Amino acid sequence: MPPPLPFDAQLAVFSRLREANPHPATELQYRDAFTLLVAVALSAQATDASVNKATPALFAAAPTPAAMVALGLEGITAHIRSIGLYRQKARNVLALSQRLIDVFGGAVPSSRAALMTLPGVGRKTANVVLNNVWRIPAQAVDTHIFRVGNRTRIAPGRDEAEVERAIEDNVPAAFQQEAHNWLILHGRHICQARRPRCPICPIRELCPHEPKTVDP
């Protein structure tokens with residue numbers, strides 16, 4: 001496993017990412033902690049675009065855990081049929097909504113451990129909610145961040161847990177809060193899996209990955 005970029009290189013990398021996008025944000029559409037929680041749960045093995053097409057009507061019909069439970073399994077399923085694995089996801093959304101009512105008074109809890117007791121909510125989903133709602137510098141490592149972390153050596157690791165720890169250990173503190181969104185957006189739109197868009201990459205000169213592509 002190659003070592004992570006040294007501190008001065010990390011500073012330079014994230015300074016450029018911040019300059020290119022001063023206020024990074026999740027591309028999932030949401031209103032509050034509950035709707036973000038549901039949107040992230042629905043986004044597993046699906047694109048944010050597909051989730052964003054389905055959730056406006058779902059959230060209009062069921063903006064709260066109580067309303068989601070009242071909508072019921074068939075109602076939830078009808079709204080998210082276009083999303084991959086929609087049957088299991090509908091069951092999870094119904095179950096997590098009921099648990100929010102039964103255990104947390106209808107509110108979304110603000111700790112990773114509590115979030116992970118909800119059906120269909122793993123560490124990655126919990127970290128997205130913690131980062132975007134409560135502004136905790138939690139790092140939700142998906143396939144994009146795993147790829148970028150290793151390809152650029154910002155945060156190398158053999159699995160998602162190692163990459164998460166490498167971000168926490170190596171990214172300078174001033175950039176920790178936004179690191180998740182910068183890296184995921186960079187992976188989706190520039191440092192793509194099959195052919196990274198090196199000519200338009202803001203950190204091209206700082207990235208050790210070779211060979212660089214020559215067209216955007």
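Values in this document were obtained by computation on a predicted structure and should not be read as measured data. In what follows, every heavy atom counts, from backbone to side chain, and hydrogens, waters and symmetry copies are set aside.
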[X] side chain vs [Y] backbone, donor-acceptor pair below 3.5 Å:
| X | Y | value |
| --- | --- | --- |
| Gln139 | Pro137 | yes |
| Thr55 | Leu58 | no |
| Arg91 | Pro119 | no |
| Asn170 | Pro6 | no |
| Asn150 | Pro156 | no |
| Gln29 | Asp48 | no |
| Gln10 | Ile154 | yes |
| Trp182 | Phe175 | no |
| Lys89 | Gly120 | no |

Using every non-hydrogen atom in the two residues, find where [X] and [Y] come nearest and quote the distance to one decimal.
| X | Y | result |
| --- | --- | --- |
| Ile83 | Ala46 | CG2-CB, 3.8 Å |
| Arg112 | Ala126 | CG-CB, 4.1 Å |
| Leu94 | Val69 | CD1-CA, 3.8 Å |
| Leu185 | Pro24 | CD1-CB, 4.1 Å |
| Pro196 | Cys191 | CB-CA, 4.1 Å |
| Phe34 | Leu96 | CE1-CD1, 4.3 Å |

Problem set entry | Pair Leu17-Ile203, side chain to side chain contact (heavy atoms under 4.5 Å, CB included): steps then yes or no | CA-CA 8 Å; Leu17 293 176; Ile203 61 170; 4.3 Å; yes
Regarding [X] and [Y], do their side chains bring together a donor and an acceptor under 3.5 Å, going by distance alone?
| X | Y | result |
| --- | --- | --- |
| Asn132 | Asn181 | yes |
| Glu164 | His180 | no |
| Arg197 | Thr213 | no |

Inter-residue atom distance [X].[atom1] - [Y].[atom2], 0.5 Å rounding:
| X | Y | atom1 | atom2 | result |
| --- | --- | --- | --- | --- |
| His209 | Cys198 | NE2 | SG | 6.0 Å |
| Ile184 | Thr143 | CD1 | OG1 | 7.5 Å |
| Glu27 | Thr47 | CD | OG1 | 10.5 Å |
| Thr152 | Arg147 | OG1 | CZ | 10.5 Å |
| Ile136 | Gln176 | CD1 | CD | 13.0 Å |
| Ile145 | Ile167 | CD1 | CD1 | 5.5 Å |

Problem set entry | side-chain hydrogen bond (donor to acceptor under 3.5 Å, both in side chains) evaluation trace for Thr77 with Arg87 | CA-CA 6 Å; Thr77 301; Arg87 294 186 188 278; over 6 Å; no
Tell me whether the count of non-hydrogen atoms from other residues, nucleotides or ligands lying under 6.0 Å of [atom1] in [X] goes above 12.
| X | atom1 | answer |
| --- | --- | --- |
| Arg165 | CZ | no |
| Arg135 | CZ | yes |
| Lys53 | NZ | no |
| Glu205 | CD | yes |

Beyond-backbone contact of [X] with [Y], side-chain heavy atoms, under 4.5 angstrom:
| X | Y | answer |
| --- | --- | --- |
| Leu100 | Pro109 | yes |
| Pro202 | Glu19 | no |
| Val108 | Pro65 | no |

Transitively linked via ILVMFWY side-chain contacts under 4.5 Å: [X] with [Y]?
| X | Y | result |
| --- | --- | --- |
| Val40 | Leu183 | no |
| Met116 | Val93 | no |
| Leu206 | Ile200 | no |
| Met68 | Tyr86 | yes |
| Val103 | Leu37 | yes |

Exercise. Salt bridge or not for Glu178 and Arg18, using N-O below 4.0 Å?
Worked result: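 The answer is no: the pair does not qualify as a salt bridge.
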Problem set entry | Pairing of Asp215 and Arg195 as salt bridge, 4.0 angstrom limit |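 Arg195 and Asp215: salt-bridged.
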For this session: Determine, stepwise, if the pair Phe59 / Asp32 fulfils side chain to side chain contact (heavy atoms under 4.5 Å, CB included).
Result: CA-CA 11 Å; Phe59 295 153; Asp32 51 24; over 6 Å; no
For this session: Could you go through the side chain to side chain contact (heavy atoms under 4.5 Å, CB included) check for Ser43 and Leu28 one step at a time?
Result: CA-CA 9 Å; Ser43 72; Leu28 288 169; 4.3 Å; yes
Problem set entry | Positive for side chain to side chain contact (heavy atoms under 4.5 Å, CB included) with Val141, one of Glu162, Lys124, Glu160, Arg123 |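 Among the candidates, only Glu160 passes.
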For this session: Mind running side chain to side chain contact (heavy atoms under 4.5 Å, CB included) on Tyr30 and Val129 for me, showing each step along the way?
Result: CA-CA 11 Å; Tyr30 69 99; Val129 175; over 6 Å; no
For this session: For side-chain hydrogen bond (donor to acceptor under 3.5 Å, both in side chains), just list the numbers for Gln192 and His186, CA-CA rounded to whole Å, side-chain angles, deciding distance to a tenth of an Å, and then say yes or no.
Result: CA-CA 8 Å; Gln192 296 169 338; His186 190 69; over 6 Å; no
